[in-house]
Number of protein chains: 2
Amino acid sequence: MLTEKISAAGMRLTPQRLAIVAFLEGNTGHPSAEDIFHAVRRRYPSMSFATVYNTLEAMKGVGIVRELKIDASRRRYDPNTKRHHHLMCDCCGKIVDIHVDYRLDLPAQVAEEFEVIGNHVEFFGTCRPCRERAPGIAG
Amino acid sequence: MLTEKISAAGMRLTPQRLAIVAFLEGNTGHPSAEDIFHAVRRRYPSMSFATVYNTLEAMKGVGIVRELKIDASRRRYDPNTKRHHHLMCDCCGKIVDIHVDYRLDLPAQVAEEFEVIGNHVEFFGTCRPCRERAPGIAG
DNA sequence: TTTTTTGCAAAGGGTTTGCATCCCC
DNA sequence: GGGGATGCAAACCCTTTGCAAAAAA
């Protein structure tokens, strides 16, 4: 449970955080801060953007969520911290998880200059619904 | 030359575009719109952000430049359209090109649902200068 | 009680837009 | 000359900040 990770990290368990965590737990939709804000606001009408961003930043720092840079116009958050990658549809923007562990070695020359901690692969292309909706255009 | 690609694409060759292109040609620094704006403005004091963004958007649409999403707080642009990947230093933010052609196959189940057009790998870690500057902290 | 967290509202930074003018082709 | 491109300024969107009030531990 994410809640356990939060208190284990020394973060306080506030109802707002519990609500945010409840929304994120098992969520594979890669929600933005606004998505989270609106979803959580239904239960906590006083919820503010500041709290959403504060909480996400704190959880990010403790490794509970991951910030995705796959969308150029907003940050998205992923509660799945297991190593995985993403595929984004150029047409509808849908983001899909891919659980594959690729072995990606750097050229020796580069490896000398950088100590790699991790990697992330973004695939881009078109999803089947988009292809079927607009054949020859979407792809 | 990028200028040839511009006119070949039916885009007009304005002095502003030539200046932007001159700055981008061979530039491996992954500049942001603001970087481009300031660099070009030295020669063309009337240059506006609108023109920079218009031009980048147009060039992007024609495949002359690529928009990088590696930086969460701003878009960066890469005139290198050859297949390559990037490594970003978590510490100083430096972005380095990696010219490797990885073979990344999707799981069959995913491949049925998505037609992949391309991929991009982001490595994150620490560059040598950062490690030497703050050993044990930076990495 | 102590320290963190919240919520508001305003500010900040990057990007986009509307529109009159300009100028490449 | 015509249609695309420019430049300005304002608007927009997402994110961050300051600070007083509230609440977790």
Side-chain angles (χ1 to χ4, degrees), chain A residues 2-23 30-62 64-77 93, chain B residues 2-23 30-62 64-77 93:
Chain A
L2 296 183
T3 55
E4 293 162 3
K5 294 187 184 176
I6 287 181
S7 44
M11 290 171 59
R12 291 186 180 174
L13 277 176
T14 68
Q16 293 89 340
R17 285 178 177 173
L18 290 174
I20 291 172
V21 156
F23 176 70
H30 317 92
S32 66
E34 191 172 2
D35 294 335
I36 297 167
F37 172 73
H38 282 118
V40 171
R41 199 182 171 82
R42 277 187 253 133
R43 293 193 167 227
Y44 289 85
S46 71
M47 173 70 60
S48 71
F49 264 108
T51 295
V52 173
Y53 280 109
N54 282 343
T55 300
L56 289 171
E57 192 61 24
M59 297 203 300
K60 210 175 69 180
V62 182
I64 298 177
V65 299
R66 184 169 142 192
E67 181 183 280
L68 301 182
K69 292 177 290 190
I70 201 169
D71 182 338
S73 61
R74 63 184 52 73
R75 297 171 193 202
R76 296 184 173 279
Y77 298 88
Chain B
L2 296 184
T3 54
E4 291 162 3
K5 293 186 183 175
I6 286 181
S7 44
M11 291 171 59
R12 292 184 180 174
L13 276 177
T14 68
Q16 292 88 339
R17 287 180 176 174
L18 290 175
I20 291 172
V21 157
F23 176 70
H30 316 93
S32 66
E34 190 172 3
D35 294 335
I36 297 167
F37 173 74
H38 282 117
V40 170
R41 200 182 171 83
R42 278 186 252 134
R43 291 192 170 227
Y44 288 85
S46 71
M47 173 70 59
S48 71
F49 263 108
T51 296
V52 172
Y53 280 109
N54 281 343
T55 300
L56 288 171
E57 192 62 24
M59 297 203 301
K60 209 175 70 181
V62 181
I64 298 177
V65 298
R66 185 170 143 190
E67 181 182 278
L68 301 183
K69 294 175 289 189
I70 201 169
D71 182 340
S73 61
R74 63 183 58 74
R75 299 173 193 198
R76 295 184 173 278
Y77 298 88

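Because the structure is predicted, anything quoted here is derived from the model rather than measured. The chains referred to below are lettered A, B, ... by the order of the sequence lines, with proteins before strands, and numbering in each begins at 1. Reckoned from all heavy atoms, side chains included, excluding hydrogens, waters and symmetry mates.
Inter-residue side-chain proximity for B:Val40 and B:Val52 is flagged as unmet; no heavy-atom pair is nearer than 4.5 Å. Between B:Leu18 and B:Leu13 the shortest side-chain heavy-atom distance falls below 4.5 Å. B:Thr55 places none of its side-chain heavy atoms less than 4.5 Å from the side chain of B:Gln16. Considering only heavy atoms from C-beta on, B:Ser73 comes within 4.5 Å of A:Arg75 through its side chain.
For the pair B:Ile64 and B:Leu2, the tightest heavy-atom approach, listed with the atom from each and the gap, is CG2-CD2, 3.6 Å. Of all the heavy atoms in A:Ile20 and A:Thr51, the pair that sits closest is CD1-O, 4.3 Å.
Annotation: salt bridge (Lys or Arg N to Asp or Glu O under 4.0 Å) contacts involving residues 47-60 of chain B, sequence neighbours excluded, comprise B:Glu57-B:Lys60, B:Lys60-B:Glu67. Annotation: salt bridge (Lys or Arg N to Asp or Glu O under 4.0 Å) contacts involving residues 39-54 of chain B, sequence neighbours excluded, are absent.
Taking every nucleotide of DNA chain C with any atom under 4.0 Å from a non-hydrogen atom of chain B, the first and last of them, 5' to 3', are C:dG14 to C:dC25.
One finds no side-chain N or O of B:Thr14 lying less than 4.0 angstrom from the OP1 or OP2 phosphate oxygen of D:dA5. Residue B:Arg17 places at least one side-chain N or O under 4.0 Å from the OP1 or OP2 atom of D:dA5. A sub-4.0 Å separation between OP1 or OP2 of D:dG7 and a side-chain N or O of B:Gln16 is present.
Annotation: proximity of residues 3-11 of chain B to DNA chain C (heavy atom, distance under 4.0 Å) is found for no residue.
Each of B:Leu13 and B:Glu57 lies near DNA chain C, and the nucleotide nearest B:Glu57 is the one positioned closer to the 5' end. Between A:Asn54 and B:Ala50, the residue whose closest nucleotide on DNA chain C is further toward the 5' end is A:Asn54.
With sequence neighbours excluded, no residue forms a salt bridge (Lys or Arg N to Asp or Glu O under 4.0 Å) with A:Lys5. Among residues two or more places apart in sequence or in another chain, the ring-ring contact (aromatic ring centres under 6.0 Å, His included) test is passed with A:Tyr53 by none. Residues satisfying the side-chain hydrogen bond (donor to acceptor under 3.5 Å, both in side chains) criterion with B:Thr3, sequence neighbours excluded, are absent altogether. For the ring-ring contact (aromatic ring centres under 6.0 Å, His included) test, residues two or more places apart in sequence or in another chain that qualify with A:Phe49 are A:Phe37. When the salt bridge (Lys or Arg N to Asp or Glu O under 4.0 Å) test is applied to A:Arg76, the partners found at least two apart in sequence or on another chain are A:Asp35, A:Asp71.
Annotation: the terminal axes of the helix from C:dT1-D:dA25 to C:dC25-D:dG1 meet at 40°, where each axis is the rotation carrying the C1' atoms of four end pairs onto the next four (5 pairs per end, rounded to 10°).
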Can you check nucleotides 11-15 of chain D for protein contacts, nitrogen or oxygen pairs under 3.5 Å, and list what you find?
unit_1 : atom_1 : unit_2  : atom_2 : d
D:dC14 : OP1    : A:Arg74 : NH2    : 2.7
D:dC14 : OP2    : A:Glu34 : OE1    : 3.3
D:dT15 : OP1    : A:Arg75 : N      : 2.9
D:dT15 : OP2    : A:Tyr53 : OH     : 2.3
D:dT15 : O5'    : A:Tyr53 : OH     : 3.0

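Within the nucleic acid shown, B:Pro15 comes within 4.0 Å of sugar-phosphate atoms alone, with no base atom in reach, counting heavy atoms only.
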